Structure formats: C-alpha cells, structure tokens
Amino acid sequence: MQTNNLDSCFLQQPYQTGFGYTSYPAAKQFQTGFDVTNYQQQAQASNDELIPLPLSVYIHIPFCDSLCHDCGCNSEASLTPEQTEPYLAALHKEIALQSALFDPDRKVVQLYIGGGAPTYLSDLQITALMSRLAKQFNLPMKKKREWSIEVDPRKVDLQRIDFLAASGFNYLRLEAQDFDPLVQQAINRLHQAEYTAKLIARAREQGFRSVSVELIYGLPQQSPESFAATISTVAQMLPDRISVYSRSHLSSLFPPQQMHSADIPGQETGAQPLEQVIQYLSAAGYRHLGMAQFALETDELCLAQDKNRLQRNLQGYTTKTQCELLGLGFGAVGRVGNCCVQNFKDLSMYLGSLEKGTLPLAKGLVLHEEDHLRRAVIQQIMCQANVDFAALSYKYHIDFKQHFALEIEILEQLASTGLIKIDSVSLSITPQGWALLPAIARIFDQYLQQQYKPLPFPSIFSD
C-alpha cells in the first residue's frame, strides 16, 4: 500500500481556524475549463432520467446596509435599495436562463434565499422576485413548500415577518451571531436579544414551520463565559434549530475582518466552545445533528435522522433526500446531473455575463463514480455519524476496506483516541467525536489527499 504523512499530520496537527469542511467536493476544486455548454448538457441529461429529480433553488442576495467586521460572505454594502436594481435585473435574467434548461413539470421543492441580508430588499423587490420565480418554475402548493430566508434581526420588524409569511416563506433563519454588547460592538452588529425573541414568537404566530438562530464563536472580544451566556439566552427562546459556527479568519479575502484582528480569541478559546455548546444544548432538549447544528427532538430533521433519511446540501441539513441544486446569484454554487458549478464571484463579471444573455458560470467539475462513492461516505458520516461498509461495497461494487486502505489506516489510529469505533463491518463516531465530524469526514476527500494540506484536529481532544 502506498503511504504518505496524511495520518500523522491528522493526529498531530493542532486546531486551525478557517472555513469548515461542509461539502464534497469543495468549490476550490472546480475547474475553469467547465463552461456553459457542459452545464447545458448536464441539465439535459438530468431531464432524460427515467424519474428526473425535483429542484432545489438557492438565491444569493449579497446586499446589506453595512458590512459586519466579521463578515466572511460575498457581500456588498449599499446605501439605498435602488442600488440593488441592476443586480436584481440580472438575477431575473438568470432565473429565466436556468428555468429554460429544465422540463417544466420538475417542481421546485426547496427554496433558500441567503446573503448578505435578503431582507435588505424592499417588499416590492421581494414580491417581484417571487413573482419571477413563480412564472419561470413549477412551484408546489403552499403545504408542500420549503421556502427559507435569512433574516438580519436588526433590520426586520414584526410586520415584515407577516409579509414574509404572506409571500410563502415558512422557514426563517435569524442571523444573531452573539448577544454580548462588547462582541456586537466589535463586529459592528448591535441588536437586542429581547427583540430577537419577539421575532421568533411572531414567526410562530404566522405559522412558520421552523425558526432557526445562527450563532458564531471565535468573534472579537468573545470569551467562553460570554458565549455561554449567549447560548443560554438562545436556548430560553426555544427556536426549532440552532446553528453554531466557528468564525472564519480570512482577513486577506474579507477586508472587514482586519478591523479587530488583535481581538480574536486564541486557538484554545476558539476550539473549546463547541464542546461546551453540545453539552449545554443537549441538556436543554436539543439534539446535536452534527456539523454544529442542533434541533429540538420534535423537529423534522431529528425524525429524518432517526429513519436514516437525513441529507446535507450546501445550505445544511435537509429532509429533501435527492434534488438538483440550482445556485443563482454571484458566487452561488449548484449541483446538477454529474457536475458541480459556481457562478462568478466578481460582481462585475456576473453582471456582464448576464447582460450578454449568458449564464454566469465561472467554473465547474464533472463528478465521476469515485466522487459519488466518496460523497456517499461523507454524507453518512455527516448525517448519521456512521458508515456501513457492506452496504457501500454492494452498491458501488467494491471491497470497502481495500478501496479505502489509506483512510482505514488513519481511522484505526484515531480509534485509540476514543473519537471513533471501527471494526470489520462499520465505522461509528462516538459522542466525543461528534464535535469533529467535519475533520473525520474530510479524511475521505480525495482532492485533499492529492493536494495535501494538514487536516485540522483540535488539540483539546488529545493528550
């Protein structure tokens, strides 16, 4: 067997901050040689399937009133909603170009509008966007919809929640991040916890099926004690779901992060909160689904996990088992047929492409059988915290332990840490290892093996 230093680096590399490992393959592996013609061929092939998959649509709205100092998104600060009109006009063109590629009877069973701050748009702009979607795509009846929108609690009043419900949205994601005043001041994001609680209550009154709150640890001026207080405050609000992310320290890519670079918590402070959060929220009645996402035991995500039906896409955990994902907006990522694609991350290039009537695809990647196999393994780790060797061997006509000999060697060494259990038929992640699902999952990423970079492994879980 050919070996390298992948295993030893995984076991010895201390915790590193940065983008979390959330999907396979990552967008940085996409290639610029993939063009619109390739994408059109993939879309047609998906139409020609015996039973074509339904569609999931992600729309990126990059605008907000002012950039937060911790921002790691493709965002643009604007002064007036009118400045968004050129972007929305381009987005409407992209909707038309994308819809033309798919058979009209293929339903959009999932819609996610993120940003930025989508609610930066005016009511008229949101209405026009939803109307364009309804004209171009086959949208299901209200009871079968899963329409999600991200909300900045600083900029949304109770009447706006009513408007969003009337517009068809039934999943709400509140970007709270932290409730400590010192942290909020450091990241330029001031808002009151009490008002966030009122927004959650109003969403429930309006019949939203799920309300989630997003928090971030590793922020400037944040401490374990202050973040524990924020977690306690959120848990008392009883949102259906809570997501807790590690801040991505990439100031070279996102200049606003340079504002308070000296106030970033150190390695130990940045790594420990997740373990504390898992313990606290578990005691408060939330289940750790994995990937630092939590849900009440009555939530549909928990029910899907119990039945081995939980899935992940680029927006997180979902009950939609299989969908083609269309990414609309600049920098958006999609997955159609046997390919993954990403739009231009440069706004001017995105707008220029659509002015010419061309889909704004910047790069893509054709997936092969090995990619599908590895994605299936990674999905099982992220969604179920286990891998059934026999089932995957049968489905993909392989001997799992022979095919993944290098990965098995690494996992067998990890077993001594108590993070995982591995035998001849399966891999399972122990409760101690659930905080590290991303690091364990990425062992199976062939692109990281080909272009090796040390895998993050929090030192707090090793002696």
Side-chain angles (χ1 to χ4, degrees), residues 6-7 10-11 13-26 212 214-218 241-248 270-282 286-295 299 301-302 304-306 308-319 374-389 392 404 407-408 410-422 426-449 453-462:
L6 184 62
D7 51 351
F10 183 89
L11 292 168
Q13 182 69 21
Y15 178 81
Q16 295 176 340
T17 55
F19 280 123
Y21 185 79
T22 59
S23 62
Y24 174 89
S212 65
E214 179 181 297
L215 303 173
I216 299 178
Y217 66 88
R241 303 171 187 176
I242 301 173
S243 298
V244 185
Y245 298 109
S246 173
R247 179 183 186 269
S248 299
Q272 286 180 337
L274 180 55
E275 180 72 4
Q276 298 169 350
V277 168
I278 293 173
Q279 295 174 359
Y280 186 91
L281 289 180
S282 297
Y286 287 87
R287 179 190 298 187
H288 183 208
L289 298 166
M291 309 294 289
Q293 296 189 39
F294 303 81
D299 190 88
L301 294 179
C302 292
Q305 191 173 57
D306 290 339
N308 291 332
R309 294 178 180 173
L310 188 65
Q311 295 285 315
R312 276 189 67 83
N313 60 22
L314 294 172
Q315 283 73 60
Y317 287 109
T318 177
T319 61
R374 290 179 178 270
R375 185 175 182 274
V377 175
I378 290 170
Q379 280 271 325
Q380 285 195 13
I381 293 173
M382 291 181 172
C383 297
Q384 303 299 147
N386 63 63
V387 179
D388 185 333
F389 299 163
L392 289 170
F404 291 110
E407 292 82 357
I408 293 297
I410 300 169
L411 293 168
E412 287 175 344
Q413 295 184 57
L414 276 180
S416 64
T417 68
L419 297 174
I420 67 169
K421 293 181 180 180
I422 185 169
S426 67
L427 159 71
S428 61
I429 290 83
T430 65
Q432 297 94 322
W434 273 62
L436 299 175
L437 287 184
I440 295 171
R442 62 186 284 174
I443 292 172
F444 290 90
D445 190 318
Q446 65 173 335
Y447 299 102
L448 291 179
Q449 295 173 19
K453 295 180 181 178
L455 300 172
F457 186 71
S459 57
I460 60 171
F461 291 98
S462 59

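Heavy-atom basis, side chains included; hydrogens, waters and symmetry copies ignored. This one's a predicted model, so the numbers in the text were calculated from it and none came from an experiment.
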Verdict with reasoning, Leu414 to Ile443, per side-chain contact (heavy atoms from CB on, under 4.5 Å): CA-CA 11 Å; Leu414 276 180; Ile443 292 172; 3.9 Å; yes

For a quick test of reading the model, state the closest non-hydrogen atom pair linking Leu392 to Ala376 and the distance between them. CD2-CB, 4.0 Å

Quick check: does any side chain N or O of Ser428 sit under 3.5 Å from a backbone N or O of Asn386, one acting as donor and the other as acceptor? no

Measure the CD1-OH distance between Ile278 and Tyr286 for me, rounded to the nearest 0.5 Å. 15.5 Å

Checking the side chain of Glu214 only, and the main-chain atoms of Ile242 only, is there a donor and an acceptor separated by less than 3.5 Å? no

Test: Arg374 and Asp445 ion pair at under 4.0 Å: no

Which of these, Ile429, Ile378, Ile381, sits in a side-chain contact (heavy atoms from CB on, under 4.5 Å) with Val387? Ile381

Separation between CD (Glu407) and CG (Leu427), nearest 0.5 Å, reads 11.5 Å

Do Leu274 and Tyr245 make a side-chain contact, defined as non-hydrogen atoms from C-beta onward lying under 4.5 Å apart? no

Please determine whether side-chain contact (heavy atoms from CB on, under 4.5 Å) holds for the pair His288 and Gln279, giving the CA-CA distance in whole Å, both sets of side-chain angles, and the decisive distance to 0.1 Å. CA-CA 9 Å; His288 183 208; Gln279 295 174 359; over 6 Å; no

Using 0.5 Å steps for rounding, measure from the CZ atom of Arg442 to the CG atom of Leu437. 13.5 Å

Show the numbers, then the answer: is there a side-chain contact (heavy atoms from CB on, under 4.5 Å) between Trp434 and Met291? CA-CA 8 Å; Trp434 273 62; Met291 309 294 289; over 6 Å; no

Under 3.5 Å: donor-acceptor pair, side chain of Arg287, backbone of Cys302: yes

Under 6.0 Å from the six-membered ring centre of Tyr24 and within 45° of its axis: does the NZ or CZ of Arg375 meet both? no

Between Arg312 and Thr318, does the side-chain contact (heavy atoms from CB on, under 4.5 Å) criterion hold? Intermediate values first, please. CA-CA 6 Å; Arg312 276 189 67 83; Thr318 177; over 6 Å; no

Calculate, to the nearest 0.5 Å, the distance between atoms OG1 and CD belonging to Thr22 and Gln315 respectively. 10.0 Å

Exam field: side chain Gln380 to backbone Asp388, donor-acceptor pair closer than 3.5 Å: yes

Using a 3.5 Å distance criterion without hydrogens, assess whether the side chain of Gln379 forms a donor-acceptor pair with backbone atoms of Gln311. no

Looking at Tyr317 and Met382, would you say the former's side chain and the latter's main chain have a donor-acceptor pair under 3.5 Å? yes

Indicate yes or no: at least one non-hydrogen side-chain atom of Tyr217 is less than 4.5 angstrom from one of Val277. no

Smallest heavy-atom separation, Gly316 atom then Gln293 atom, equals CA-NE2, 4.0 Å

Between atom CG of Leu310 and atom CG of Leu289, what is the distance when rounded to the nearest 0.5 Å? 6.0 Å

Could you check if a side-chain atom of Arg309 sits within less than 4.5 angstrom of a side-chain atom of Thr319, using non-hydrogen atoms only? no

